[in-house]
*Asks:* 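Pasting a structure here, questions to come.
Just so it is clear, the structure is predicted and the values come from calculations on it, not from any experiment. Below, chain A is the first sequence line, B the second, and so on; all start at residue 1.
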Protein chains: 2
Amino acid sequence: MTRGRPLAFSPDQAIAQAMQVFWAQGYNSASTRDLLAAMQISRSSLYQAFGNKEQLFLEALHRYRDNLVARLQRTLTASPSALAFIEGLFRDTARDACSERAALGCLIFNSASELGQRGDAPSREAAVAVAAIRQLFHQAVLQAQEEGDIDAGRDAAMLANYLTLSMAGLRTLLKSGASAEDAGGAVEQVLTGLR
Amino acid sequence: MTRGRPLAFSPDQAIAQAMQVFWAQGYNSASTRDLLAAMQISRSSLYQAFGNKEQLFLEALHRYRDNLVARLQRTLTASPSALAFIEGLFRDTARDACSERAALGCLIFNSASELGQRGDAPSREAAVAVAAIRQLFHQAVLQAQEEGDIDAGRDAAMLANYLTLSMAGLRTLLKSGASAEDAGGAVEQVLTGLR
DNA sequence: GTATTTTTGGATCGATTGTTCCATATTTAT
DNA sequence: ATAAATATGGAACAATCGATCCAAAAATAC
């Protein structure tokens, strides 16, 4: 089986760089020039390896989602309790208000907000990614109920929606320049509602 | 004082049409072609009357903010109580999940999410608009405290941040395709936290 | 070494971006 | 009627958009 000339770049690294561009600029505003510069590959290589801008975005968003969910799963496992995981996640996000990471927001919520319900593949992928976050919160709530930190009689799916809504809102609040104090106060109110 | 040839269009109506385009597509994705088509004016007239795309957006967002705040103020005044106003606002938004209005979201939160902390005029105007929403919630919370519906000992500014966060999150949730049931359930949890 | 396969660099494509410019049209002031 | 002032329509601008094409480069297979 003939192979031909090998790739001069790592597709994984290239996608990771593209992800950063989409993260910082959004899908529509990220130009192929920006992407090529960040990925350090030629125009031909991009279209040869990834098809087009839309497919590259789908790969980048998928990668972001997988990385995020995996990281949160690990954090959840390492936490003393599911409730502590949820509280830590929200408090850490609020505490990080002034970082450039906070200014970027979350690629998933950014994409959901930008692409809305357009019906094309990027829009659907964004909705799938939001659903993945909701599912992770759902799992955490169920675990917290088993651990006795959240009343078992409450609707776990509803609380998962509530936490997804709250995290999305927190990210928007931070994007609008909210201080760590303002964000932290609101987050405590969100968490109070959990118990 | 000489006046010259009068405008062949209404600047107010033109801005209103431009607002719709920015609302549906976002600042960056709204092209001047789209704007001209919606405003029904010529290219020259746009630049003559509004300067450029950025200034037109600033006018459109400012108009949107003024209209929204005025409408909410009227609704608040007409409501039997400030708490009823807040509850109605959130419940109505969630109930409207499947409408095309919900798919558009809110221009203010859309802009805050898209423009983030870029530091330019559109970005700053978006932050100002979010602050206006927070202030309106602040006023409503203070009134609800006077009316005895919210414990007067609680931090009104914090609750205003909480409500702003919640509304922003609700809009993102709806943009990702959440059902009226899912959104409604999460909203009830948000409102439970108020009392 | 020759043939084959795949990647790469770079030119190039038509379309679109936001913006400017100018001649023309239309109004008011005198 | 004439002059001044303003608005309009449309051509044109350079820059950039996403995408394609082709020859040269670099690997493997025989």
*Asks:* How about B:R154: does its CZ atom have over 12 heavy atoms from other parts shown lying under 6.0 Å from it?
*Replies:* yes
*Asks:* Nearest-Å distance, CG (B:N52) to C1' (C:dT17)?
*Replies:* 14 Å
*Asks:* Could you check how far CZ of B:R33 sits from C1' of D:dG10, rounded to whole Å?
*Replies:* 13 Å
*Asks:* Kindly point out which of C:dT19, D:dA7, D:dA19 is positioned nearest to the side chain of B:Q48?
*Replies:* D:dA7
*Asks:* Tell me whether the rings of A:F50 and A:F9 are parallel (<30°), tilted (30 to 60°) or perpendicular (>60°).
*Replies:* tilted
*Asks:* Near DNA chain C, counting only heavy atoms under 4.0 Å, which residues of residues 19-32 of chain B show up?
*Replies:*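 Those residues are B:A30, B:S31, B:T32.
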*Asks:* Tell me: CG of A:L36 to C1' of C:dG10, nearest whole Å?
*Replies:* 12 Å
*Asks:* Return no unless some side-chain N or O of B:S45 is found under 4.0 Å from OP1 or OP2 of D:dA7.
*Replies:* no
*Asks:* side-chain contact (heavy atoms from CB on, under 4.5 Å) with B:A97: which residues, sequence neighbours excluded?
*Replies:*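 B:L174, B:A180.
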*Asks:* Can you tell which of C:dT8, D:dT20, C:dT20 lies closest to the side chain of A:S42?
*Replies:*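 Of C:dT8, D:dT20, C:dT20, C:dT8 is nearest to the side chain of A:S42.
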*Asks:* Determine the minimum heavy-atom distance between B:N52 and B:Q55, stating which atoms define it.
*Replies:* OD1-N, 2.9 Å
*Asks:* Determine the minimum heavy-atom distance between A:Q25 and A:A30, stating which atoms define it.
*Replies:*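 Nearest heavy atoms, A:Q25 then A:A30: OE1-CA, 3.9 Å.
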*Asks:* Who passes side-chain contact (heavy atoms from CB on, under 4.5 Å) against B:A132, sequence neighbours left out?
*Replies:*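 With neighbours one apart ignored, the set is B:R65, B:V69.
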*Asks:* Determine whether more than 12 heavy atoms belonging to other residues, nucleotides or ligands lie under 6.0 Å from atom CD of B:Q135.
*Replies:*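 For B:Q135, atom CD is not crowded (no more than 12 foreign heavy atoms under 6.0 Å).
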*Asks:* Roughly, in whole Å, what's the span from CG in A:L35 to P in D:dA19?
*Replies:*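 Between P of D:dA19 and CG of A:L35: 11 Å.
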*Asks:* To the nearest Å, how far apart are B:Q40 CD and D:dT8 C1'?
*Replies:* 15 Å
*Asks:* Holding to side-chain contact (heavy atoms from CB on, under 4.5 Å), I want the full list of residues that pass it with B:Q17, two or more places apart in sequence or in another chain.
*Replies:*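 Only B:A38, B:M39 meet the side-chain contact (heavy atoms from CB on, under 4.5 Å) criterion with B:Q17.
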*Asks:* With 3.5 Å as the limit, what N/O pairs link the protein to nucleotides 21-25 of chain D?
*Replies:*
from: D:dA25; atom 1: N3; to: A:R5; atom 2: NH1; distance (Å): 2.8

*Asks:* CD1 of B:I41 versus P of D:dG10: gap in Å, rounded?
*Replies:* 14 Å
*Asks:* Sequence neighbours excluded, which residues qualify as salt bridge (charged side-chain N to carboxylate O under 4.0 Å, His left out) partners of A:R95?
*Replies:* A:D92
*Asks:* For A:Q55 and D:dG18, give me the distance from atom CD to atom P, rounded to whole Å.
*Replies:*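 Taking CD of A:Q55 and P of D:dG18, I get 15 Å after rounding.
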*Asks:* Can you tell me how far P of D:dA19 sits from CZ of A:F50, to the nearest Å?
*Replies:*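 The answer, rounded to whole Å, is 14 Å.
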